[in-house]
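Please read these numbers as outputs of a predicted model, since none were measured by experiment. Chain letters run A, B, ... following the sequence lines, proteins first, then strands; residues in each count from 1.
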Amino acid sequence: MQADSIRLQEPVQSQETESLVRRLAGPSSGKAGLANDQSEINRIIAEVSKGSKFYENEKRRDKELTERINKILNIRDEVVKGVDISKIEANVDRLLAEFESQRDLTQIIVHVDMDAFYASVELLNNPELKGKPFGAILSTASYEARKYGVRSGMAGFVAKKLCPDLILIPEHFTTYMETSDQVMSIFKRYDPNMLIAGCDEGYLNITLHCEEHSVSAADCVQEMRRIVFEETKLTVSAGIAPNKMLAKICSDRNKPNGQFQLIPDRKTILAFMRELSVRKVFGIGRVNERLLESIGIKTCGDIFTHRATIALMDKQFGLHYLLKTYLGISSNEVRPPQREERKSIGSERTFSPLDDGEVLLQKLEHIASELETDMARNGWAGKTITLKYKLDTYQVFTRAKSLDRYVSSKEDLFSIGRKLFLAEGHLKLRLIGLRVTKLKDLRAPSPAGIKKFFEATTSSAHTRRKLDPEDIHKARHDYDNAEDLHIDAMPGFYEHEETMHDIEVGDIGNDDEVGALELVQDKVKSKPRPPVSAPSRSLSSPAQVCPICRQILKVDNRDLNTHIDLCLSRSAVREASNTSGGAGATENSTSSSTLMTRGWSFLMTPKDTSSRPKKRKRK
DNA sequence: GCGGATCAC
DNA sequence: TATGGTGATCCGC
């Protein structure tokens, strides 16, 4: 077969090609949904994309990632040299035991997830589409279309190539939002305190409901799904588990129109996690998947196998996060996002590439105007303005300015944005946007007058004038109305109350070493290249001295830094394996525990919504 | 404080 | 010909 001969030749091609092809398949591939033969689909996507600016950008990023991986592998090779692995493992195992002791199996958490939500709503309103592959660019694809590899976010012409019969329809955003509200209100009957996480999913804690109605979790969810279907004709999938991370993974298990329960039993959970691909875990995307893969971690079970490596490279991998993932432990706190948790508000627009400064300024002015409206409607002002732009090459840059006063008017937003923009010189852009951070809540009660607060809330926030349809539309669109938040918030899977300063795995560094590192980092040039042209990189590499090993190196700053990383790891490891009883005598372990807790270098920790320890076992 | 990167939806 | 918008977080300066 021809396919075979092609496959035989494949390994000759660089890994780069393989990973690039995967990258092009899009961010969602592998996360959820079909597990069918992706390779042919990926091949088509790569072929059709080839040569475009988008493709070139993906290629560049893929190359950078490959370099990053090589660097990590080098560090790992150095770091494991001559260390007592079993000793490190023993320390990790103590950490695991500590986490284990905090496991909470008492809550019944449900993750509900509408099946192909937008597409399903379209089907209701246009039954003609039934059984046909259709999609709306950038927002949805029916299950039939997904079979062909069509994904949301995909360029129309690529989608058409995958599925020539694809029907493209306009999207009806307001309808989706109204339907979403309808569905959410049903969920709220089971948990009025639920967390809405986007327009088609949410988390519920049904512990109380099940107790009060003497009903099992499975029956409760079954009923909830039935009622949603009866009232809206939409199907929903659900996962039942003792925490948010597990519930979310479970809701994907029997999709579409199914539910899956992970019984709250330690052994069951461990067995479940052992086989689970790390890619399914919230917070692990395409990049982290590849980084983990590079050190042999594909499933959550592999985390345990490689726990020593991870511990030695906590900075790169985030030991605590991965250990909790391996154990299937995460936050089980369910509550709506609070207004004061809001960190930024922004607006941005993509257009066909443009290099006329005047026209770009007009775009910027329009953005400023939209942002003003948005901020006014929701009662925000802010101190820092960030300009964002994307070149026609798809490279993204941001430029920020902090002020000594709060702003919210279009005039302020535009004039600051314009300054930032003009400082960049001549650019060819495909996107421009503004974001405001350091927010002040204009609706927050003033510290001075409680009375004022009371009047304000009763008149404007709670019993405001009747909503007209326009208002509903807008409120849905911009997520943060007082009561009914539709914020795409981080569910906050992991609480890392770091109560374990007494446990150390690889005591990374003493203060001297930290100091040395910082000293060097100060000298390192900031790497972002100037956006337009300007060849980056200094050409020659002056000789430099490593502050740790005193070796003289003829390398540039970046490589020097890599070298120092190695040196630091090495000495840290020596120390860790030389120190007998590493954990015992460290009552005051500020430096190491700081480093430990800070080690989230690339595995983003979903936000820890502090607060309300449900049943903290220890203080 | 700033800028780049990653991630979720 | 052609690949989104909003918000969050973390790291390394």
Side-chain angles (χ1 to χ4, degrees), chain A residues 24 26-28 31-32 45 48-49 51-55 57-58 61 64-65 68 113 117-118 136-139 151-161 171 173 196-201 248 281-289 291 315-316 318 321 337 341-353 367 370-371 374 383-384 386-388 390 394-402 420 430-431 433 435-438 477-480 486-493 517-518 520-529 531 557 561 598-608:
Chain A
L24 285 165
S28 52
K31 199 65 182 177
I45 295 175
V48 176
S49 305
S52 67
K53 289 205 159 70
F54 179 77
Y55 176 86
N57 185 250
E58 293 297 293
R61 294 187 56 182
E64 285 172 9
L65 178 54
R68 195 172 153 193
D113 197 334
F117 180 57
Y118 292 180
I137 293 305
L138 298 181
S139 62
R151 299 279 179 276
S152 68
M154 190 175 268
F157 75 103
V158 177
K160 274 278 192 181
K161 207 56 159 207
E171 45 182 354
F173 204 67
I196 296 170
C199 65
D200 66 341
E201 64 180 88
K248 177 149 173 61
V281 175
F282 187 97
I284 300 183
R286 285 184 296 178
V287 172
N288 288 329
E289 177 189 31
L291 293 177
K315 201 147 189 263
Q316 284 81 14
Y321 171 87
E341 290 168 357
R342 201 16 141 151
K343 300 284 190 304
S344 77
I345 182 166
S347 176
E348 66 190 56
R349 208 63 53 190
T350 294
F351 39 81
S352 41
I367 293 286
E370 275 193 353
L371 188 50
D374 207 3
K383 260 188 170 174
T384 299
T386 303
L387 171 75
K388 171 180 173 182
K390 195 189 281 181
Y394 289 91
Q395 294 167 96
V396 177
F397 299 88
T398 59
R399 298 289 179 256
K401 172 113 187 97
S402 289
L420 292 168
R430 65 175 350 269
L431 171 147
R435 180 159 296 274
V436 177
T437 50
K438 295 292 189 54
H477 205 78
D478 59 42
Y479 304 103
D480 71 349
H486 278 243
I487 293 181
D488 287 339
M490 291 286 223
F493 283 135
L517 179 59
E518 282 170 358
V520 171
Q521 283 172 342
D522 276 346
K523 289 196 292 194
V524 173
K525 275 185 111 159
S526 54
K527 83 162 190 220
R529 353 173 212 297
N557 279 329
N561 231 23
R598 254 204 310 215
W600 304 100
S601 158
F602 69 82
L603 280 173
M604 290 211 319
T605 323
K607 177 168 144 196
D608 174 21

[X] near the nucleic acid: base, sugar-phosphate alone, or nothing, with a heavy-atom cut-off under 4.0 Å?
X        : result
A:Gly346 : sugar-phosphate
A:Lys401 : sugar-phosphate
A:Ser139 : nothing

Where do A:Glu348 and A:Lys390 land on the salt bridge (Lys or Arg N to Asp or Glu O under 4.0 Å) test, with the steps shown first? CA-CA 10 Å; A:Glu348 66 190 56; A:Lys390 195 189 281 181; over 6 Å; no
To the nearest 0.5 Å, how far apart are CZ in A:Phe173 and SG in A:Cys199? 6.0 Å
Within this structure, what is the CG-OH distance for the pair A:Asn288 and A:Tyr321, rounded to the nearest 0.5 Å? 7.5 Å
Hydrogens and angles aside, do A:Thr398 and A:Thr386 bring a side-chain donor and acceptor to less than 3.5 Å of each other? no
Give the rounded distance in Å between these two atoms: [atom1] of [X] and [atom2] of [N].
X        : N     : atom1 : atom2 : result
A:Lys390 : C:dT6 : NZ    : C1'   : 13 Å
A:Asp200 : B:dC9 : CG    : C1'   : 7 Å
A:Asn57  : B:dT6 : CG    : C1'   : 14 Å
A:Ile284 : B:dC7 : CD1   : C1'   : 11 Å
A:Gln395 : B:dG3 : CD    : P     : 16 Å
A:Glu370 : C:dG5 : CD    : P     : 10 Å
A:Tyr55  : C:dT1 : OH    : C1'   : 18 Å
A:Lys53  : C:dT3 : NZ    : P     : 10 Å

Assign each of A:Tyr394 and A:Ser344 the nucleotide of DNA chain C bearing its closest heavy atom; nearer the 5' end lies the nucleotide of A:Tyr394
Candidate pair A:Ser152 and A:Ser139, rule side chain to side chain donor-acceptor pair (under 3.5 Å), full reasoning: CA-CA 5 Å; A:Ser152 68; A:Ser139 62; over 6 Å; no
For the side chain of [X], counting heavy atoms from C-beta on, which of [options] is nearest?
X        : options              : value
A:Lys315 : C:dT6, C:dG12, B:dC2 : C:dG12
A:Leu431 : B:dC7, C:dG5, B:dG3  : C:dG5
A:Thr398 : B:dT6, C:dG7, B:dG3  : B:dG3
A:Phe282 : B:dA8, B:dG4, C:dG4  : B:dA8
A:Arg61  : B:dC2, C:dT3, B:dT6  : B:dT6
A:Phe157 : B:dC7, C:dT3, B:dG3  : C:dT3
A:Thr350 : C:dG4, B:dC7, B:dG4  : C:dG4
A:Lys388 : B:dG4, C:dT6, C:dT3  : C:dT6
A:Arg349 : C:dG5, C:dA2, B:dG4  : C:dG5

Should the heavy atoms of other residues, nucleotides or ligands under 6.0 Å from NZ of A:Lys401 be counted, would the total exceed 12? no
Has the side chain of A:Ser49 got a donor or acceptor that lies under 3.5 Å from a partner of the other kind on the base of C:dT3? yes
Which residue, A:Glu58, A:Arg61, A:Arg430, forms the side chain to side chain donor-acceptor pair (under 3.5 Å) with A:Tyr394? A:Arg430
Taking OP1 and OP2 of [N], is either one under 4.0 Å from a side-chain nitrogen or oxygen of [X]?
X        : N     : value
A:Arg399 : B:dG4 : yes
A:Arg430 : C:dG4 : yes
A:Arg286 : B:dC7 : no
A:Arg68  : B:dT6 : yes
A:Asn288 : B:dT6 : no

Would you mind telling me which residue lines up with the more 5' stretch of DNA chain B, A:Glu201 or A:Ser402, judged by nearest nucleotide? A:Ser402
Determine the interatomic distance between C1' on B:dC7 and the same-named atom on C:dG4; round to the nearest Å. 15 Å
